[in-house]
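Each remark here refers to the structure printed beneath this line.
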Amino acid sequence: MAKIKIVNLVGARPQIIKASAISRSVKNQFSGKINEIIVHTGQHYDREMSQVFFDELEITKPHYNLGVGSARHGKQTGLMITGIEDILLSEKPDCLVIYGDTNSTLAGALAASKQHFPVIHVEAGLRSFNKKMPEEINRIMSDHVSTLLFAPTNNAFKNLMAEGFRPENSPPYSLDNPKIYLTGDIMYDNTLFFASLAEKKKSFLLEKLQIEADSYVLATIHRDLNTDDVLRLNSILSTILSLAEENRMVFVMPLHPRTSISLKNNLGDLSARLNNSKYIRITPPVSFLEMTFLEKNSKMIITDSGGVQKESHFFRKPCIVLRKETEWVELVKNGTAMLADADSALISAAFSFFLNKSANLEYPGFYGDGKSADFILKEILMMLE
Ligand code: UD1
Ligand code: UDP
């Protein structure tokens, strides 16, 4: 039988990481059956936001890079749709695989569904129930034009059912008869695969950053609501600086370019105070293996990132979430993540709570068995064969 052709669509940093699990599974388990074409929209383009992941996670170089870059939502998404549609029409794949909730995800979903290519959505069903987030619009729209939807958690699966998706649908699957699955989280595949390699290859970071294992906090901030609202960014970073100084505890902060730009342009004084503090280590974005090492050896994690919230759980670290709500509600219900918004008092209270309590926390297996990519590809093959 002829090999099936899938287009694996990436654009933003976390999608390259997620797609690496599918790429690895194609190589290791399905190379005789699946031909994979990687398309990069170019949404992220700095070396440390894109190329570094291709090098380190050993993913094939993209067959196409649309080079779309940064722009307002409409222009960025529009350029992506145009470019993806052209590629789909010339490559004629059997399906398009999309990840998560970025503008690249939505562009892929719209381009493929309108040209009648089945859309496979990995990380389907997540909801924040806050439509002011661009990601919430991207998720809802993408789910509703997908044919196979892979939900990473029970809650995500339930969200899909609440929106009318029916688990009992039977083949043949199509846009009008989609199939929903509960798969576990594809990021967990990667953490299991790369954690020991990270430990082996990246331990030099302790010396480089002058930190000790289990005694520093790892913090990331990148959501538009935190970076573009200067009051929120000021509140978060001032609180972090105070906590670091008061507790004489190092905070390692690999900053997304969006955050560095806003800090430099809007909060020059605070930026100088952060850079002068002996407890603050601001760095450019780090590679996935470096991030994995830093997460695994941290005492606590503070973040507004979806991926980093889950990785805190994989490494059994308490997590303070710099948002009002999260899609990963099981973490909050479990008591190992706390929602602190950008509120100084809430962040400080959560910090003190976790500092004293971290030994007694439990981390149940919410995210599957680390074999989501194999499961997803098996189901895609079943649909297409
Ligand atoms: C995007 C996703 C977000 C995801 C995040 C992962 C959307 C709407 N948002 O947010 O869901 O959590 O990626 O990291 O799709 N920039 C650079 N270099 C780069 C990339 C971006 O300097 O390589 C700067 C530019 O100033 C750009 C800004 O970051 O304007 C925002 O980039 P963009 O891709 O629009 O959104 P993210 O905030 O990265
Ligand atoms: N990450 C990384 N380097 C960094 C920050 C994050 O490799 O400097 C990884 C992180 O480990 C996780 C993913 O990027 O796997 C999360 O991406 P991000 O926080 O940009 O977006 P989100 O998950 O919120 O969409």
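First listed ligand is number 1; within each ligand, the first listed atom is number 1.
Within ligand 2, counting atoms from 1 as listed, the ones closer than 4.0 Å to a heavy atom of Ile17 are 9 (C), 13 (C), 14 (O), 15 (O). For ligand 2, the atoms closer than 4.0 angstrom to any heavy atom of Phe53 are 7 (O). Each of the following atoms of ligand 2 lies closer than 4.0 Å to a heavy atom of Arg223: 22 (P), 24 (O), 25 (O). For ligand 2 and Pro285, the ligand atoms under 4.0 Å from any heavy atom of the residue are 8 (O). Residue-ligand proximity, Ala12 to ligand 1, at heavy-atom distances under 4.0 Å covers atoms 13 (O). Using a 4.0 Å cut-off to heavy atoms of Pro254, the atoms of ligand 2 that qualify are 8 (O). Residue Met187 has at least one heavy-atom neighbour below 4.0 Å for each of these atoms of ligand 2: 12 (C), 15 (O). Per-residue contacts place Ser287 under 4.0 angstrom from the following atoms of ligand 2 (heavy atoms of the residue considered): 7 (O). Residue Asn103 approaches ligand 1 through these ligand atoms, each under 4.0 Å from one of its heavy atoms: 7 (C), 8 (C), 15 (O). Atoms of ligand 2 lying under 4.0 Å from any heavy atom of Pro14, numbered from 1 in the order shown and given with element: 17 (O), 20 (O), 21 (O), 25 (O).
Residue contacts with ligand 2 leave out Thr220, since none of its heavy atoms falls under 4.0 Å from the ligand. Contact between Glu295 and ligand 2 is present, with at least one heavy atom of the residue lying under 4.0 Å from the ligand. Residue-ligand proximity: Ile261 is placed with a non-hydrogen atom under 4.0 Å from ligand 1.
Residue Val308 has no nitrogen or oxygen atom sitting less than 3.5 Å from a nitrogen or oxygen atom of ligand 2, judged on distance alone. When only interatomic distances are considered, the shortest N/O to N/O separation between Thr102 and ligand 1 does not fall below 3.5 Å.
Of the candidates Arg47, Glu135, Met133, the one placing a heavy atom closest to atom 11 (O) of ligand 1 is Glu135. Atom 30 (O) of ligand 1 has its nearest heavy-atom neighbour, among Ser50, Gly42, Ser70, Gly11, in Ser70.
Aromatic ring pairs are classed by plane angle as parallel below 30°, tilted from 30° to 60° and perpendicular above 60°; the pair His313 and Phe366 is parallel.
Using a 4.0 Å cut-off between a side-chain N of Lys or Arg and a carboxylate O of Asp or Glu, Glu58 and Lys27 do not qualify as a salt bridge. A salt bridge does not link Arg232 with Asp304: every distance from a Lys NZ or Arg NE/NH1/NH2 to an Asp or Glu carboxylate oxygen is 4.0 Å or more.
Neither the backbone nor the side chain of His256 has any atom closer than 4.0 Å to an atom of ligand 2 (non-hydrogen atoms only).
Of all protein heavy atoms, the one lying nearest to atom 1 (C) of ligand 1 is Gln43 NE2, 3.7 Å.
The neighbour count for Asp269 CG, taken as heavy atoms of other residues, nucleotides or ligands under 6.0 Å away, does not exceed 12.
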